[in-house]
There are 2 protein chains.
Amino acid sequence: MHAYEKVRAEMLRRITSQVWPQGMTLPHEEVLADEFGVARGTMRRAMADLTERGLIERKRKAGTKVAARRAHSSTLNIPIVRVEITDSGAQYSYKLLSRVLGGPELDATGRFGRSKLLHVRSIHLADGRPYQLEDRLISLDAVPQADAQDFNEISPNEWLVEKVPYSAVRTILRAESADEMQAKHLKLGHGDPVFVIERQTQLDDLPVTLVKMTHPAASFSIATQTSQFR
Amino acid sequence: MHAYEKVRAEMLRRITSQVWPQGMTLPHEEVLADEFGVARGTMRRAMADLTERGLIERKRKAGTKVAARRAHSSTLNIPIVRVEITDSGAQYSYKLLSRVLGGPELDATGRFGRSKLLHVRSIHLADGRPYQLEDRLISLDAVPQADAQDFNEISPNEWLVEKVPYSAVRTILRAESADEMQAKHLKLGHGDPVFVIERQTQLDDLPVTLVKMTHPAASFSIATQTSQFR
DNA sequence: AAAATTATTATGTCTATACATAATAGACAG
DNA sequence: CTGTCTATTATGTATAGACATAATAATTTT
């Protein structure tokens, strides 16, 4: 265990055990560095990790305080769907449902401006059972080469992640009840609950793709990482 | 903009634009430091951020590679429910539904061993409308002082976050359809979709509390931060 | 040829020092 | 007492250098 890890672990202990209670101002980093017998740089590294995790708050001149616990943040990891399925030990398969080329009228949200769009619907299966319905719009302004892809063999998800640059991603999670089309493809009853991940991808300010990924609620959940220091 | 931010931004640009494509081995950090005209420490800081975000992978002796994009990770922030509601501009209110003291039989999952348990059910409202149904088990081994709390005025959520130390949190997200009890308290129809957050909190190896937070799907969603460098 | 040993090397840790800067506290003027 | 300017200070950034270590590559031994 390295010095900064020891320092961090001990600080974490003091915070979680409330030896250092919420709102308390800590000694200056130089003082703490001295106490722990490390250089200021090492001290700062330990404290940077705690700051990142939201356990302490630091401000110039004001000093370092133990943060009030008003929220809990954790890391949400969403793998590409093929990896998610094969990692679970299941057999992955994929089927294209439809591929429609059209104009801006395909985009009800108006986020794509006047770009020509590709609307692709497909389904991902685990051991032959429907796992995810992928309903995607791709901007041909941002990704002209998508026009030449038929998506019969490779899913838009995989193809885009592999081939297309992006800089920002916005994700929304929610629950819905399945509409007729979703129920049909996911082999659910009409009105059954589904877990929806909606994601918009941009390259700088240019919208690249917008996808709605729908999963049967009964066989889908997301666990977040506890973001522990190891 | 600081030197490490400039370096990081430029590296990010090269990666997202695929000037440095997936799998490419980057020049050594000393060489890059030289190219960017910064010290090795500064270079390392920029690279540490990119590593943290999963954009590059580093290994001793082997060097630094642009990571294959197999997943997207983002930060999930779940505030305490009162803050979530008041931040949205709504009026927060809270009502205790039941508070039952019992033994390990309350815990169907068997995670609490033989601890005495407190089972508290309550509802959080936004502008008088049901927002979240909180169904919680509290270990009296870990939190004996919970026995003295009636939870009439302050919610278990808030009380625990404020008063009780913890070191690890495990969160699961899923969609369900409302059972009779949930439907009644959330003013939904039986079978309507709900968004469920389940969370288990520990102090070291001791389970502290297990909570199931149920939200009407129609008025609840979670947006994750894009985790952008500013 | 395979296995075990040794050398090399890129990343990782730690230290010490200098200077920058945001934010507060204190001094001062009105 | 109020607002403005100034000084102080804790954190933030940057640098250079020494040493540690994991992992690969090269060499030697079997």
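Throughout, protein chains are lettered first and strands after them, A, B, ... in sequence-line order, and every chain is numbered starting at 1.
- Annotation: cation-pi geometry not satisfied between B/R136 and B/F151 (NZ/CZ under 6.0 angstrom from ring centroid, within 45° of ring axis).
- One finds a salt bridge joining A/E35 and A/R14 here, because a Lys/Arg side-chain nitrogen approaches an Asp/Glu carboxylate oxygen to under 4.0 Å.
- Taking the side chain as every heavy atom from C-beta outward, A/M213 and A/H124 never approach each other to under 4.5 Å.
- Applying the ring pair (Phe, Tyr, Trp, His ring centres under 6.0 Å) criterion to A/W20, with sequence neighbours excluded, gives no partner residue.
- Evaluation of the ring pair (Phe, Tyr, Trp, His ring centres under 6.0 Å) rule for A/F112 yields no partner, not counting sequence neighbours.
- Evaluation of the side chain to side chain contact (heavy atoms under 4.5 Å, CB included) rule for B/S221 yields A/I172, A/R174 as partners, not counting sequence neighbours.
- Nucleotides of DNA chain D nearest to A/H2 and A/R40 differ in position, and the one nearer the 5' end is that of A/R40.
- Side chains of A/L12 and A/L55 form a contact here, defined as non-hydrogen atoms less than 4.5 Å apart.
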Short N/O separations, protein against nucleotides 5-8 of chain D, under 3.5 angstrom:
| from | atom 1 | to | atom 2 | distance (Å) |
| --- | --- | --- | --- | --- |
| D/dT8 | O2 | A/K61 | NZ | 3.2 |

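- We find that CD of B/E57 is positioned 13 Å from P of D/dA23, with the value rounded to whole Å.
- Among the candidates B/E198, B/E134, B/E176, the single residue satisfying the salt bridge (charged side-chain N to carboxylate O under 4.0 Å, His left out) test with B/K212 is B/E176.
- In this structure, B/K6 atom NZ and D/dT13 atom C1' are separated by 12 Å, rounded to whole Å.
- For A/R58 against D/dT11, no side-chain N or O and base N or O form a donor-acceptor pair under 3.5 Å.
- With rounding to the nearest 0.5 Å, the separation of OH in B/Y92 from CG in B/L125 is 8.5 Å.
- One atom, NZ of A/K59, and another, P of C/dA22, lie 14 Å apart when rounded to the nearest Å.
- Rounding to the nearest 0.5 Å places CG of B/D135 at 8.5 Å from OG of B/S122.
- When rounded to the nearest whole Å, the span between CZ of A/R60 and P of D/dT11 equals 11 Å.
- DNA chain D is contacted by A/H28, A/E29 of residues 18-39 of chain A, taking any non-hydrogen atom closer than 4.0 Å.
- In the region residues 41-52 of chain B, proximity to DNA chain C at under 4.0 angstrom, judged on heavy atoms, holds for B/R44.
- B/K65 has its NZ atom 12 Å from the C1' atom of D/dA23, to the nearest Å.
- Between B/R82 and B/S155 there is no side-chain heavy-atom pair separated by less than 4.5 Å.
- D/dT13 atom C1' lies 10 Å from atom CD of B/E5, rounded to whole Å.
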